[in-house]
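As a basis for the values below, the full set of heavy atoms in this structure was taken, side chains included, without hydrogen atoms, waters or symmetry mates.
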Amino acid sequence: MLSVAVRWPCPSRSPRTQVPPSISTSTTPSPSASPAPVYTPFFPRHTARFPGLLLCSPRRPIGPASSRPRAFPDMDDTDKRDSEKKLHTRLRLWQFPDKYILEPIDGFADSYLSISRADGSINLIGELPECSTTQSPNIRTIFGVIGILKLLLGMCIAITGSDYFQYVLSSGSRAISVFSFCCCMVMSIVLTWKQVKCHNGLKCAYDSQAFCVACFTWPFMWLQIPDLGSCYLIDHPYDLHHQLLSFLWHSLFNFKYGLFRLMITKFYARLGAYLLVITERECVGSYLGHPIYKVSGMQILPCNHSLKSSSAEQKKMEAQFSELLNAAEGTSGLYFSYDVNLTLCLQRLHELGNESKLLPLWRQAEPRFLWNSYMLEALIDNKLDSYIIPIIQGCYQNFQAAISPKVVNVTLIARRCTRRTGTRMWRRGADTEGYVANFVESEQILQSNGFTASFVQVRGSMPFLWEQIVDLTYKPNFEIVRPEEASRVAERHFLDLSKKYGSVLAVDLVNKHGSEGRLSERFAKAMQTIQNDDIRYVHFDFHQICGHIHFERLSLLYNQIEDYLNKHGYFLLNEKGEKVAGQTGVVRTNCIDCLDRTNVTQSMIGRKMLESQLKRIGFFGSDDLITAYPFFDANFKILWANHGDEISIQYSGTPALKGDFVRHGKRTVQGILKDGWNALARYYLNNFIDGTKQDAIDLLQGHYIVSLSRDMSSPAKAGALETYASFRLALTMVLSGLMFALMSLRQAPNDGRHLLLALVWAGLSLGIAVFVRAKGRLFTNRPRLFRSRH
């Protein structure tokens, strides 16, 4: 029962009414809120990882009707739907000692959002709590809620002994055991169904197979054999599917333990949570007439007061995660809109049905590009649609230029996929599900004279299992992992692309020879079994043909793919908003990093398609080119150069190489020197910074969730050598040894013993250098949390 307290005095605001009992904050989604069948991208619901959360009862409405101080204003159904669809654009954040309260100040809300600072739990309240005269809350204005990140979230499953039936008969707890068994069966059915329906946020590729496995395994999936230990931890959504068949086998055919062992579940509360809010925003342009904002300031507010009573080990783990989140506050390239869905390209937005357009923005969103999907789950479970802001990571660039008397508006939007997101050296290639690293969808939009045209192309790492682990060398060796699976993984990747984009043309820019040649050869072999009328593969050795300065030779590549571009075209709307043409295929470009060579190539393709669009709407003649309009041409080059820089910063930490050609149309001495500096910066970041950055990304994306057990141990266990390995210390010792060797050599003419000392110091320095070179991976900054599932 909620008791209404005296609200904090603030004469400038009008009094608010309390939330009526009809507004529920249940964690169970309402059947009436199911997505429309026209377009319903499934939103990842990670609560399926933790079945215990499914048994939580809905929260009570906020106070009985008799306790409301004022009547709730009447609204018809249309007004209610409209108000629910609107997102709060400005909020006042009240930081009380025990809670955070978010007060909408944009004029259409009737309640406050209260978030506990103890565990991050959420409630809607109708009044601000009473404040003491000795301590007033801190107040600031924010521009939206990014989400709530649950760090310490876990479940321990303790298996009973082999003499389960003796325990039941002797303890007299048969009713409790039967009840536990029934609860486990219900949780098993729900969990298995959710796993079949949603595999890490996307519909499972093996729906029929998974359903058959689920039908046979759900009665036994909670059973365990003693060989696997007394505690089974679920800390990743993949684990369940990988264990289904083994559970079935051992449960059915292990007659000593199978079918005769049940379990007692023990659930742990959420001990640590963080509230992420937008503190600063920058309007960077518009999309379909709606303003687009860039997150220029983010703050992470802790909700972990419950840790005061936790163990020292849990507090230590929380401190480690807090340090990672401090680094995550600097995440770049985050964009959002309060009015339009940025996760969908223009063509898919146009194809949305009327019912889908009435849904909240987060329900229309494409899960692959929803950067804060994991952090939104607490808000979604409480049906707080007006607080849920879909955010993408990528890039937004725009310019306007005049061609004759008419104005042309060109926009370039990048959307980064979150399935295999990470840093340059720690996320390479693909995973077993076919999701590739650095997958980015780039959409180029032209608007002029009532016409709107859109052209989409994508980039992504080579779609098979390979890696390049840093080891202090400038260019670590490429390693192909399980080469026999390359064709299967590539096929899964391209089938997914075909489902989303139609026909696919893969343009491979990797070197044909040298260390990159092995990767190119493996990619080509994998594509031999995949290629058909809808999937094509073209190899173009960028460095051999174009070198480092002759990028105009990309016209040779365009000649090979021109027929494909003309056939599959682009999306076009006329002055009446009617669809004139659609894009039926996509060009997928890759190099090793999918940054520098890829950006130069994509800018060339984008230029050719923009010229084609301008000719079609009557702005250009048949022989006109963008280069004939210097101001337009210069802005177009800057558009793609900034686009490449921002994508590169997110993945590698530095701007793109070869950016001077994209920006100026030619290579310059200043550009070559800048590339050299950026290459050295990448080396430093890859070896000594990106491991921690990767851990922070995995925390924000929900790729790593801490599972708590009775014997908790830190996730960052390291060997003795790894614990004390420090590149800075080793470098200091090498330089010190060389310095002492030189000093001894200067004294050698006076005393022969100094010559021996010089040799000892030089040998010591050389030995340390050789050891560091041989054990280079131990001296780099590596991820400590979630490891890639190769």
Side chain proximity check, Y374 to L700, heavy atoms < 4.5 angstrom | no

Return the minimal non-hydrogen interatomic distance between I389 and F143, and the atom names on each side.
-> CD1-O, 4.0 Å

Is there side-chain contact between D695 and K693, with heavy atoms separated by less than 4.5 Å?
-> no

Does R281 count as lying over the ring of Y293, i.e. NZ or CZ under 6.0 Å from the six-ring centre, within 45 degrees of the axis?
-> yes

Using distance alone, with no hydrogens and no angle criterion, decide if S337 and D339 have a side-chain donor and acceptor under 3.5 Å apart.
-> no

Flag the pair E443 and R415 as a salt bridge only when some basic side-chain nitrogen lies within less than 4.0 angstrom of an acidic carboxylate oxygen.
-> yes

With the threshold set at 4.0 Å, does a side-chain nitrogen-carboxylate oxygen contact exist between E366 and R348?
-> yes

Parallel, tilted or perpendicular: ring planes of F439 versus F369, cut at 30 and 60 degrees = parallel

Given Q397 and E646, is the side chain to side chain contact (heavy atoms under 4.5 Å, CB included) satisfied, shown in steps?
-> CA-CA 10 Å; Q397 299 291 328; E646 194 156 356; 3.6 Å; yes

Heavy-atom pair with the smallest gap, counting every atom of I146 and M298 | CD1-CG, 3.7 Å

Taking C-beta and beyond as the side chain, do I105 and L91 meet within less than 4.5 Å on heavy atoms?
-> no

Scan side-chain atoms only and decide if T692 and N781 contain a donor-acceptor pair under the 3.5 Å cut-off.
-> yes

Derivation and outcome, side chain to side chain contact (heavy atoms under 4.5 Å, CB included), residues E329 and I300 | CA-CA 7 Å; E329 286 188 348; I300 301 179; 3.6 Å; yes

Where do P104 and S111 come nearest, in terms of heavy atoms and distance?
-> CD-O, 3.6 Å

Is a salt bridge present between R784 and D698, judged by a nitrogen-to-oxygen distance below 4.0 Å?
-> no

Should the pair K294-E282 be classified as a salt bridge under the 4.0 Å nitrogen-to-oxygen rule?
-> no

Any side-chain donor-acceptor pair under 3.5 Å between W362 and D385?
-> yes

Check the pair I388 / V145 against side chain to side chain contact (heavy atoms under 4.5 Å, CB included), numbers first and verdict last.
-> CA-CA 7 Å; I388 300 175; V145 178; over 6 Å; no

Between S114 and N123, does any side-chain donor sit less than 3.5 Å from a side-chain acceptor?
-> no

Apply side chain to side chain contact (heavy atoms under 4.5 Å, CB included) to L93 and L301, showing your working.
-> CA-CA 11 Å; L93 172 63; L301 304 171; 3.6 Å; yes

Are any side-chain N or O atoms of K99 and backbone N or O atoms of A118, one a donor and one an acceptor, separated by less than 3.5 Å?
-> no

Can you name the closest pair of heavy atoms from L344 and Y287 and give their distance?
-> O-OH, 3.5 Å

Classify the ring geometry between Y338 and F336 as parallel (under 30°), tilted (30 to 60°) or perpendicular (over 60°).
-> perpendicular

Determine the minimum heavy-atom distance between L359 and Q364, stating which atoms define it.
-> O-NE2, 2.8 Å

Y651 versus T421, side-chain donor and acceptor atoms under 3.5 Å | no

